[in-house]
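What you see below is based on every heavy atom in this structure, not just the backbone, and it leaves out hydrogens, waters and symmetry mates. Heads up: numbering here begins at 1 and tracks the sequence. Counting convention: from 1, in listed order, for ligands and their atoms alike. Everything numeric in this text was worked out from a predicted model, so none of it was measured.
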Amino acid sequence: MPDTITITDDRTGKTVTVPIEGGVFPAAAVRELDPSLFVYDPAYMQTASCKSEITYLDGGAGILRYRGYPIEQLAEKSTFLEVAYLLLHGELPTTAELEQWRHDVTHHTYIHENMRKRFVDGFHYDAHPMGLFVSAIAALGTFYDGAKDIDDEASRRKQILRLIAKTPTIAAMSYRFSQGLPFNYPENELSYPANFLNMMWKVGNDYQVDPILERAMDILFILHADHEQNCGTTAMRVVGSSHADPYSSAAAAASALYGPLHGGANEAVVRMLSEIGSVENVPAFIDSVKNGEGRLMGFGHRVYKNYDPRATIIKKTAYDVFEVTGKNPLLDIALALEEVALKDSYFVDRKLYPNVDFYSGLIYQAMGFPVEMFTVLFAIPRTAGWLAHWQELLNDKDQKISRPRQWYTGPDERDYVEIGNR
Ligand SMILES: CC(=O)SCCNC(=O)CCNC(=O)[C@H](O)C(C)(C)COP(=O)(O)OP(=O)(O)OC[C@H]1O[C@@H](n2cnc3c(N)ncnc32)[C@H](O)[C@@H]1OP(=O)(O)O
Ligand SMILES: O=C([O-])CC(=O)C(=O)O
């Protein structure tokens, strides 16, 4: 039995009793009190915008689960493609289902030659890879007739496969373009992460993906695959709710991810660590943050008021990667920042802990990725999460077009003033 809460309108004395289920009550109940009332909740701090069965988050306890499976177990035992299947289908695949899924995804890894020759080559030589990625995802939709057939189950599945398969190709292409290097075509006998690394780095025929780096990439992909109603996924759902095609919706989600307060923070962290320069400068930097001169990037989270469980796994993975690549010299600065911040009342009182972006950039940098690629590396796996939410949204018969109201605070009606009288 759900709990209930009773709300009284002091102006009229009218009361409504509202059911609370899972800590949530339907705001629509407020309509019963007075249909002209709205909830004011900027940035949706107290608003559940949808029901979802995909990802569970307990920010206080630092718990993250995909479809009920703890992120720690998935990161240890699973692969990204298996996790993508889980997010989209609700259950882990059998061996045969996984083999079919892998086959179907790899079948779609190539992109149309015009995307490369005409579209990507048209960008300015120093275009940010994330800007290129966002644009390429949107453009991709124009290559497929069925992109707009969102009510057709088979077409929907095809667009999902295409997007999951092609994002690594587009990501690697955006990097190769930025470096003026020839594009490496997908090699479909490789695993999903190895294929991506191969497209990124292959020069000549001797290149072999290091298995430790391949596994690290796969773990990072698993950890970034979904995170319930974050800013990017919310953008996906808002745009998807207008029944736009999944490419346009994913481009909107990727644009949201690009921001430095969201997925762009991994890039900002490494820039910040480089600017701090040495462990001796850490206390002065922390003081500047406390004085409001900037944020400690990679710290803090809207939902986690505890250590982000993904940051714990990433920190461990960093040491495996450094065994192969050598230690990233910025690691000592990051560790010192964490140590100082976790003892400082400014950060403790505000419950600011390292988030997923704090250590990931150190791994990416050690693997040779330029900072501009970091958010693209986040977007590749997050595409699976965006699509799982898009699919859930379309299957939810209660979901209407997203259309919040506002609290108007502008001027009352007034008469137009002729230009000469202003
Ligand atoms: C994949 C991801 O998106 S994970 C998040 C990646 N983003 C970052 O790492 C950027 C740095 N962090 C932040 O900017 C924030 O913590 C966010 C955007 C992640 C969450 O923001 P919100 O939930 O809106 O928290 P809000 O901005 O209100 O901060 C609450 C308080 O903590 C402070 N605060 C929050 N994050 C930080 C930080 N990183 N450094 C310093 N102070 C911070 C704020 O100044 C505020 O202090 P006040 O109460 O004295 O005004
Ligand atoms: O959940 C959020 O607000 C941001 C985040 O950590 C993510 O998108 O992975």
Can you tell which of Leu257, Asn230, Thr233, Leu57 gets a heavy atom nearest to atom 3 (O) of ligand 2?
-> Asn230
Counting both backbone and side chain atoms, is some N or O of Asp308 under 3.5 Å from an N or O of ligand 2?
-> no
Any donor and acceptor pair, going by atom type alone, linking the side chain of Asp344 with main-chain N or O of Val340 inside 3.5 Å?
-> no
His262 and ligand 2 - part of the residue with a heavy-atom distance under 4.0 Å | side chain
For Phe358, the option from Phe299, Tyr304, Tyr307, Tyr353 that meets ring-ring contact (aromatic ring centres under 6.0 Å, His included) | Phe299
Atoms in ligand 2 flagged as close to Phe378, the criterion being non-hydrogen separation under 4.0 Å = 9 (O)
Between Asn230 and His262, does any side-chain donor sit less than 3.5 Å from a side-chain acceptor?
-> yes
Indicate whether any N or O donor in one side chain lies under 3.5 Å from an N or O acceptor in the other, for Ser52 and Glu228.
-> no
Is it the side chain, the backbone, both or neither of Glu228 that has a heavy atom closer than 4.0 Å to ligand 2?
-> neither
Side chains of Ser241 and Gln399: is there a donor and an acceptor less than 3.5 Å apart?
-> no
Protein contact to atom 1 (O) of ligand 2 [nearest heavy atom, distance to 0.1 Å] | His227 ND1, 2.7 Å
List below, pair by pair, the N or O atoms of ligand 1 and of the protein that are less than 3.5 Å apart, including the distance to 0.1 Å; reply 'none' if no pair qualifies.
residue: ligand 1; atom: 3 (O); partner: His262; partner atom: ND1; Å: 2.8
residue: ligand 1; atom: 7 (N); partner: Leu261; partner atom: O; Å: 2.9
residue: ligand 1; atom: 9 (O); partner: Gly298; partner atom: N; Å: 2.8
residue: ligand 1; atom: 9 (O); partner: Asn355; partner atom: ND2; Å: 2.9
residue: ligand 1; atom: 12 (N); partner: Phe299; partner atom: O; Å: 2.9
residue: ligand 1; atom: 14 (O); partner: Arg295; partner atom: NH1; Å: 2.7
residue: ligand 1; atom: 23 (O); partner: Arg302; partner atom: NE; Å: 2.8
residue: ligand 1; atom: 24 (O); partner: Arg302; partner atom: NH2; Å: 3.0
residue: ligand 1; atom: 27 (O); partner: Arg295; partner atom: NH1; Å: 3.0
residue: ligand 1; atom: 27 (O); partner: Arg295; partner atom: NH2; Å: 3.0
residue: ligand 1; atom: 39 (N); partner: Leu296; partner atom: O; Å: 2.8
residue: ligand 1; atom: 39 (N); partner: Phe299; partner atom: O; Å: 2.9
residue: ligand 1; atom: 40 (N); partner: Leu296; partner atom: N; Å: 3.0
residue: ligand 1; atom: 42 (N); partner: Tyr346; partner atom: OH; Å: 3.0
residue: ligand 1; atom: 45 (O); partner: Arg295; partner atom: NH2; Å: 3.3
residue: ligand 1; atom: 47 (O); partner: Arg350; partner atom: NE; Å: 3.1
residue: ligand 1; atom: 50 (O); partner: Arg350; partner atom: NE; Å: 3.1
residue: ligand 1; atom: 50 (O); partner: Arg350; partner atom: NH2; Å: 3.0

Starting from atom 4 (C) of ligand 2, which protein heavy atom do you reach first, and at what distance in Å?
-> His301 NE2, 3.4 Å
May I ask you to identify, for Tyr304, whether its side chain, its backbone, both or neither come under 4.0 Å of ligand 2 on a heavy-atom basis?
-> neither
State whether the side chain of Thr47 and the backbone N or O of Tyr44 hold a donor-acceptor pair below 3.5 Å, judged by distance alone.
-> no
Hey, do the aromatic rings of Tyr40 and Phe38 have their centres closer than 6.0 Å?
-> no
State yes or no: are the ring centers of His128 and Tyr258 separated by less than 6.0 Å?
-> yes
Give yes or no for whether the N/O distance cutoff of 3.5 Å, strictly under, is met between Arg310 and ligand 2.
-> yes
Can you tell me if Glu338 and Tyr359 form a side-chain donor-acceptor pair at under 3.5 Å?
-> yes
Per side-chain hydrogen bond (donor to acceptor under 3.5 Å, both in side chains), Asp226 is matched among His389, Arg382, Arg67 by His389
Do the rings of Trp201 and Tyr175 sit parallel, tilted or perpendicular, given the 30° and 60° boundaries?
-> perpendicular
Identify the protein heavy atom lying closest to atom 8 (O) of ligand 2, giving its residue, its atom name and the separation to 0.1 Å.
-> Arg382 NH1, 2.8 Å
